[in-house]
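Everything on this sheet refers to the single structure shown next.
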Amino acid sequence: MSAPRTGTRLLSVTHAAEQLDCSRGHIYGLIAAGRLPVVEIAATGTRTKTRIRAEDLEALIEGNTRRAGAPVLAWPDVLPPRPDLYPHAALGATERATYGTTEAAERLQVRARDVTDGIADGDLHAHRDGDRGRWRIDHACLMAWQRGDLCEHRKDGDAAR
């Protein structure tokens, strides 16, 4: 007779995002960065289902809980290359080449409004896709803004966004 099974609770990406009060994209970013393990469930001829063990989500929360007085750690400038997820990583690039305002806000764990205000104030270098398209922010510019530095575009005197 086998030992009784303990019920491992699996969460969908949507439910994990709801528990962390973040977007599904942020959860996928944690998965891609290797910070959140997943269970891939597939049957022959069907799409793979991505599930997150409740224990792994709790471990992520516990591991990122800051105690009063503890320093706030910034995101690393360079994540480990993942050519399987980001083909340009093999070329020495970082996680993404460019970000939209929402992606940039999730990356830095700030409000999207903070990012758009940074662009409007001229502190964060960005460009638009077309005349009235979405803002695109280069990775290097985003990391410089996070550090409070000028990006290379600003150092070279480029005042245009």
Side-chain angles (χ1 to χ4, degrees), residues 11-38 50-161:
L11 304 170
S12 68
V13 171
T14 301
H15 285 107
E18 287 172 2
Q19 283 197 8
L20 294 182
D21 192 26
C22 66
S23 70
R24 289 173 24 135
H26 190 78
I27 296 295
Y28 282 116
L30 291 169
I31 293 167
R35 297 186 61 204
L36 185 61
V38 295
T50 300
R51 296 294 182 257
I52 299 160
R53 293 182 331 146
E55 303 87 54
D56 292 333
L57 191 61
E58 290 299 321
L60 177 79
I61 293 167
E62 186 61 33
N64 287 287
T65 300
R66 183 171 55 95
R67 308 288 181 238
V72 176
L73 301 176
W75 279 83
D77 276 350
V78 179
L79 293 176
R82 292 289 308 268
D84 54 325
L85 297 174
Y86 308 107
H88 60 275
L91 303 174
T94 54
E95 182 185 354
R96 289 184 62 98
T98 62
Y99 300 89
T101 54
T102 303
E103 296 167 318
E106 287 177 357
R107 168 88 173 142
L108 299 182
Q109 297 182 335
V110 299
R111 298 176 309 153
R113 180 66 188 208
D114 295 334
V115 174
T116 55
D117 286 349
I119 294 169
D121 294 343
D123 297 330
L124 176 57
H125 180 258
H127 61 276
R128 284 196 185 261
D129 290 332
D131 289 338
R132 302 193 46 83
R134 295 181 176 180
W135 286 110
R136 303 305 301 162
I137 305 158
D138 290 338
H139 178 79
C141 298
L142 186 63
M143 294 299 101
W145 184 64
Q146 179 188 28
R147 291 187 307 267
D149 295 336
L150 293 175
C151 67
E152 293 302 316
H153 302 98
R154 294 285 189 241
K155 288 179 184 175
D156 292 341
D158 179 14
R161 280 196 278 277

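Hydrogens, waters and symmetry mates are skipped; everything else that's a heavy atom, side chains included, is used.
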Pairwise distance [atom1]([X]) to [atom2]([Y]) - rounded to 0.5 angstrom:
{"X": "Thr102", "Y": "Arg107", "atom1": "OG1", "atom2": "CZ", "value": "15.5 Å"}
{"X": "Leu124", "Y": "Cys151", "atom1": "CG", "atom2": "SG", "value": "8.0 Å"}
{"X": "Ile61", "Y": "Leu36", "atom1": "CD1", "atom2": "CG", "value": "9.5 Å"}
{"X": "Asp114", "Y": "Gln109", "atom1": "CG", "atom2": "CD", "value": "12.5 Å"}
{"X": "Thr116", "Y": "Arg111", "atom1": "OG1", "atom2": "CZ", "value": "8.5 Å"}
{"X": "Asp149", "Y": "Cys141", "atom1": "CG", "atom2": "SG", "value": "12.0 Å"}

Grab the two heavy atoms, one from [X] and one from [Y], that are nearest each other, plus how far apart they are.
{"X": "Ala104", "Y": "Ile137", "result": "CB-CD1, 3.9 Å"}
{"X": "Leu11", "Y": "Ala54", "result": "CD1-CA, 4.2 Å"}
{"X": "Arg128", "Y": "Gly133", "result": "NH1-O, 2.7 Å"}
{"X": "Ala17", "Y": "Arg24", "result": "CB-N, 3.9 Å"}
{"X": "Thr50", "Y": "Ile31", "result": "CG2-CD1, 4.4 Å"}

Short question: side chain of Arg136, backbone of His127 - any donor-acceptor pair under 3.5 Å?
-> no
Side chain of Asn64, backbone of Leu60: donor and acceptor closer than 3.5 Å?
->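 Yes: the side chain of Asn64 pairs with the backbone of Leu60.
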With a 4.5 Å limit on heavy-atom distance, are the side chains of [X] and [Y] in contact?
{"X": "Met143", "Y": "Gln146", "value": "yes"}
{"X": "Leu108", "Y": "Trp145", "value": "yes"}
{"X": "Leu57", "Y": "Leu20", "value": "yes"}
{"X": "Arg51", "Y": "His15", "value": "no"}

Side-chain H-bond candidate by donor/acceptor type, His26 with Ser23, under 3.5 Å | no
